[in-house]
Amino acid sequence: MKASDMRGKAALVTGAAGGLGRETALALARAGAHVMLADVNRVGLEETAGLLARLDVEVRCCASDLTLADNCRAAINDAVEVFGRLDALCNVAGVIVFAHSADMAQADWERTIAVNLNAPFYLAQAAVPHLLESHGAIVNVTSSAAFIGEAYLAAYCASKGGLTQLTKSLAMEYMHTPLRVNAVAPGGMITPMGRTIHMPEGVDQSLIGRYRPQRGQVAVEDVADLIAFLCSDAARGYHGASIVIDNGQIAG
């Protein structure tokens, strides 16, 4: 099987209403996968579904708040019911909030952890039995922020670091099974989420400048292609890996 050949397989992609989630859904559909698109943004989901409509795959939308465990179970069950199987879970959805740690609102902290860490765990819980049956894969999207401290991003760094360790823990737990669990850690990308970032007053720009990519932003399409590859049988040697794709952002 060639790289990223997903013909006859099915995937669920979170954050599919735009940005990296949308590009991941497109990459998987181009590889032949049927795709369940999941996000809280119904309008964005419909736009993504429209882009996939020209491809010869089946597409369904799940407009749901996946920070709730019951909704995660329902989304997985819906995908299996529609497609008859589940071969890949791509946890792409994420949120980022810059704040002075001493001033960060409790709601912002809890939402960041809920979206970036809780939801991937709840989805994995529900998906694992089906992925074991299909010899499938989980791909978690973490961040270069999982490996370095980034000022004013305490919640984001904590959530992405936690997701990296969740990836490794699941990989160890399912070491003696056909399930593969990996993570992709992008650096800065030009996405709708990135364009809405708001910096609080009084930040130290010299600290923020330390983690700006010197070789430019990472192409979203390149990250999506990497995710699709890890979902495919061509990536059978990858398990418990956290692959950084950041244009050298954290090289030194």
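We use all heavy atoms of the structure for the numbers below, so side chains are in, but hydrogens, waters and symmetry mates are not.
- To the nearest 0.5 Å, atom CE of residue Met189 and atom CG of residue Asn247 are 11.5 Å apart.
- In this structure a side-chain-to-backbone donor-acceptor pair under 3.5 Å is present from Arg180 to Ala235.
- Tracing side-chain contacts under 4.5 Å through hydrophobic residues (I, L, V, M, F, W, Y), one reaches Leu123 starting from Leu179; they form part of the same cluster.
- For the pair Ile76/His130, a side-chain contact is recorded, criterion being any heavy-atom separation below 4.5 Å from C-beta on.
- Between Val57 and Arg7, every side-chain heavy-atom pair lies at or beyond the 4.5 Å cut-off.
- Annotation for Ile138 and Ala124: closest pair CD1-CB, 4.0 Å, computed over non-hydrogen atoms.
- Under the 3.5 Å distance criterion, the side-chain polar atoms of Asp87 are matched with a main-chain donor or acceptor of Ala10.
- Under a 3.5 Å cut-off, the side chain of Thr24 and the backbone N or O of Leu20 do form a donor-acceptor pair.
- Residues Cys231 and Leu28 meet the side-chain proximity criterion, which asks for heavy atoms closer than 4.5 Å.
- Here Phe147 contributes atom CZ and Thr142 contributes atom OG1; the two are 5.0 Å apart, rounded to the nearest 0.5 Å.
- Checking side-chain atoms of Ser232 against main-chain N and O of Met6 turns up no donor-acceptor pair under 3.5 Å.
- Using bins of under 30°, 30° to 60° and over 60° for the plane-to-plane angle, the ring pair Phe229/Tyr238 lands in the perpendicular bin.
- The main-chain N or O of Phe83 is never found under 3.5 Å from a side-chain atom of Glu58 such that the two would form a donor-acceptor pair.
- Shown here is Arg111, whose CZ atom has no more than 12 heavy atoms of other residues, nucleotides or ligands within 6.0 Å.
- The main-chain N or O of Arg22 is never found under 3.5 Å from a side-chain atom of Thr48 such that the two would form a donor-acceptor pair.
- Counting heavy atoms from C-beta on, the side chains of Val220 and Val223 never come closer than 4.5 Å.
- The main-chain N or O of Val92 is found under 3.5 Å from a side-chain atom of Thr14 such that the two form a donor-acceptor pair.
- Judged by distance alone, the side chains of Ser144 and Asp246 never bring a donor and an acceptor atom under 3.5 Å apart.
- Under the 4.5 Å side-chain criterion, counting only non-hydrogen atoms from C-beta, Val128 is in contact with Leu132.
- At least one donor-acceptor pair under 3.5 Å links the side chain of Asn182 to the backbone N or O of Ala241.
- The shortest side-chain heavy-atom distance between Ile243 and Leu230 falls under the 4.5 Å cut-off.
- Within a 6.0 Å sphere centred on CE of Met172, heavy atoms belonging to other residues, nucleotides or ligands number 12 at most.
- At a threshold of 4.5 Å between side-chain heavy atoms, the hydrophobic network of Ile, Leu, Val, Met, Phe, Trp and Tyr places Val35 and Val40 in two separate groups.
- Judged by distance alone, with hydrogens and angles left aside, the side-chain atoms of Arg73 form no donor-acceptor pair with the main-chain N or O of Gln125 at under 3.5 Å.
- Judged purely by atom type and a 3.5 angstrom limit, His100 uses its side chain to pair as donor or acceptor with the backbone of Glu201.
- Here the CG-CD distance, from Leu45 to Glu47, works out to 9.5 Å after rounding to the nearest 0.5 Å.
- Considering only heavy atoms from C-beta on, Val59 stays 4.5 Å or farther from His34 through its side chain.
- The side-chain heavy atoms of Leu163 and Asn116, taken from C-beta on, include no pair separated by under 4.5 Å.
- In this structure, the separation between CG on Leu86 and CG on Asn77 is 10.0 Å, given to the nearest 0.5 Å.
- Rounding to the nearest 0.5 angstrom, the gap separating the CG atom in Asn118 from the OG1 atom in Thr67 is 7.5 Å.
- Atom CG in Asp39 sits 12.0 Å away from atom CD in Glu46 (nearest 0.5 Å).
- Atom CD of Glu221 has more than 12 neighbouring heavy atoms from other residues, nucleotides or ligands inside a 6.0 Å radius.
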